[in-house]
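What follows is one structure encoded as structure tokens, with my remarks underneath.
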Amino acid sequence: MEIVNYIKKRMLLPVIFIILFALAFIFDTPKEIYTGYLRILQSPSVLISDYIRIGGLGATLFNVATIILFNVILLKKLGFKMSGPIFAGVFTIAGFSFFGKNIFNTLPIYLGIYLYAKTQKLDYKSFIIVVLFSTGISPLVSFMIFGTNWPLYFGIPAGIIAGVIAGFVLPAFSAHTIRFHRGYNLYNVGFALGVLSMLFAVILHSFNIELNVGGPTSEIYHTELVWISLGLSLIFLISAFTLDPKVLKKYPSLMKSSGRLVSDFIRDYGNPVTMLNVAVMGFISVGVLLILGLKVNGPVMGGILTIMGFGAFGKHPRNCIPVMFGAWLGVVLTNYSFDSVGMVLALLFVTAVSPIAGRYGPFIGIIAGFFHILITPLAYAFQGGFDLYNNGFAAGFVAALMIPFLEVIMKDKKVEEIYE
Amino acid sequence: MNKLEYRVDSKIIKQLSLFLMLHGIKDFQLEFHSNNKNVQFIIKAKSIKQEIVDFMVEKIGRKRELEIEIYGWELMGDTDSKNELDILGSLIDKIEVKKLDDYIELTLTRVYRYNE
């Protein structure tokens, strides 16, 4: 009974850690994991760097597990109970540990936020949402150290200082950017980081430092990653029904939520319903990829985990499927192609704008998804690749373009009909 | 007092005013009482439906959430929806309802975290 309560309270995070940690040693030997992990830590990590290609699957899973462990310990030290934003934050960190985040390049950013809290005489705990999502700009640290050809005695302090600066300015800046899209971009910190990334990219460019792109991805573990995703989703599904056999009846109430920031499904609907939603979002993500015949690599796996995490923080089938459909239309009706990993990622991360569909209905959601696909490649060129949440950067523009107009023309019609 | 607390207070006033106006309440008073320890927002309204009061108590009466202290409060007062009080509920410690002769009085209390 105590174990059940513990799992319920922690939303299975310790279980997920143990599974991923164990899988690392099933796929690779300790020596392979060690050497692969060193390669991951020394990678410039800019978008899109597939850690599976760089370090192997075992080392990547080890990286993911250590990142989860570190953040779970941090949350416990700070005395946090599990909530929707925190669950989403940990899953997002875990997901992006497949392509860009590691324990080495995330710490300076955490330190920067800590220093900001101290200078403002505010509690570090208050910044936990920003802290968890802040590491989207962690490639900045790795790039300065390992991607510039600077000597390490110069590159290491430069990378750490750049990470601390990014972390220091992020809390105030992300609080400001949330108003830009009015909470309709779930990856708000990703938008703020995109602007910061752009600033760092132009500074480096002005000193003739060329930004290198991540490189190719590895699809050789497609089957294994699909099974891992389905397995994790199944664990959440079984846990949801074990904790509450009537969970299915309560699920429709969650799907009435628009998902706009700052929603917390754990607080509003409880752990079992949220777990069910997390599972469903996992199955939908994998299902869409398999139906379209798309391969799962490190970055795509990151996308699946992120969507599952946001199953506690704004995303559900009613608001996600329309925007994903719009994104699919955006690819098939234009000269874009799913041969590009960026487009596959956009198909998953388009769910950043899911609150638009949740609030204004599926048709508007499809339009938002379509626009998102058009903007995403431009956003990448704009921000330079230090912001791993490139889709969050793009989604900010989509929401900011659409919401002011929608609020004017639809507030007295459809919105009131749906939600009254 | 930390400037952040005042900024949050002003947003709460905006959110409460907008919420009441969107529900068609055209005649209400909103009082603001602040000291070094806490702040109270007192709403006095004559014609406010019981279902709206119940909704406010349900949403605002939930437990305060530390995570929202920094992230999300800027969104308050910036909605066209009648049913959005989620963020406000994360910033208020207590809500009390009094039914007086010809009006209803709602008292929202928020304890200041940052006194310096």
Side-chain angles (χ1 to χ4, degrees), chain A residues 78-81 83-86 89 113 116-117 120-133 170-172 174-184 188-189 192 256-258 260-264 266-268 313 359-360 403-404 406-408 410-412 415-416 418-420, chain B residues 1-12 14-15 18-19 21-24 36 49 51-52 54-55 57-93 110-116:
Chain A
L78 292 173
F80 271 104
K81 289 180 180 173
S83 68
I86 288 174
I113 299 173
Y116 176 81
Q120 295 300 302
K121 295 178 180 171
L122 299 172
D123 194 343
Y124 186 59
K125 287 171 72 173
S126 305
F127 293 90
I128 194 65
I129 297 179
V130 183
V131 168
L132 290 174
F133 290 107
L170 185 61
S174 62
H176 175 72
T177 55
I178 204 167
R179 286 185 295 172
F180 181 66
H181 52 75
R182 300 192 187 181
Y184 286 93
N188 171 56
V189 175
K256 284 180 186 168
S257 161
S258 72
R260 184 189 179 220
L261 287 175
V262 181
S263 56
D264 181 347
I266 292 176
R267 176 196 63 192
D268 293 342
F313 190 35
R359 179 91 166 86
Y360 295 102
I403 295 303
L406 289 169
E407 282 188 352
V408 171
M410 295 191 73
K411 65 181 177 183
D412 296 320
V415 171
E416 301 304 332
I418 293 170
Y419 294 98
E420 288 307 293
Chain B
M1 186 67 62
N2 194 297
K3 194 167 63 178
L4 175 70
E5 297 283 14
Y6 290 134
R7 292 176 69 199
V8 173
D9 286 350
S10 69
K11 282 281 187 178
I12 290 172
K14 193 177 173 191
Q15 175 72 50
L18 186 64
F19 178 83
M21 288 174 200
L22 285 172
H23 280 85
N36 284 334
K49 288 179 191 168
E51 62 198 55
I52 298 171
D54 292 343
F55 179 77
V57 170
E58 184 206 329
K59 291 284 183 184
I60 300 172
R62 61 178 43 158
K63 202 176 167 190
R64 193 165 161 181
E65 281 191 88
L66 190 59
E67 298 98 297
I68 314 298
E69 298 286 328
I70 300 295
Y71 190 87
W73 62 269
E74 295 244 19
L75 286 173
M76 285 193 302
D78 193 17
T79 174
D80 66 340
S81 169
K82 285 181 178 179
N83 58 7
E84 287 196 20
L85 281 181
D86 290 328
I87 298 171
L88 181 60
S90 301
L91 295 165
I92 297 291
D93 289 277
R110 169 179 160 80
V111 177
Y112 285 136
R113 283 184 57 81
Y114 303 114
N115 292 322
E116 290 180 20

Check: When rounded to the nearest 0.5 angstrom, what is the spacing between NZ in A/K81 and NZ in B/K63?
Finding: 4.0 Å
Check: Which answer fits A/D264, side chain, backbone, both or neither, if we ask what part of it has an atom under 4.5 Å from a heavy atom of chain B?
Finding: side chain
Checklist line | Approximate separation, where rounding is to 0.5 Å, of B/I87 CD1 and A/R260 CZ | finding: 6.0 Å
Next item on the list: Counting only heavy atoms closer than 4.5 Å, note whether A/I128 contacts chain B via side chain, backbone, both or neither.
Entry: side chain
Notebook entry, point to check: Do you know the tightest heavy-atom contact between A/S83 and B/E65?
Noted result: CB-OE1, 4.1 Å
Next item on the list: Could you tell me which portion of A/I403 (side chain, backbone, both or neither) has an atom closer than 4.5 angstrom to a non-hydrogen atom of chain B?
Entry: neither
Note to self: Quick check: closest heavy atoms across B/L75 and A/I178, and the distance to 0.1 Å?
What the structure shows: CD2-O, 3.5 Å
Next item on the list: Grab the two heavy atoms, one from A/V262 and one from B/Y71, that are nearest each other, plus how far apart they are.
Entry: CG2-O, 3.9 Å
Note to self: For the CG atom of B/D86 and the OG atom of A/S257, what is their distance to the nearest 0.5 Å?
What the structure shows: 7.5 Å
Next item on the list: Could you check A/D268 against B/R62 for salt bridge (Lys or Arg N to Asp or Glu O under 4.0 Å), going step by step and ending with a plain yes or no?
Entry: CA-CA 10 Å; A/D268 293 342; B/R62 61 178 43 158; 3.1 Å; yes
Check: For chain B, which of A/N188, A/D123, A/V189 has the most heavy-atom pairs under 4.5 Å?
Finding: A/D123
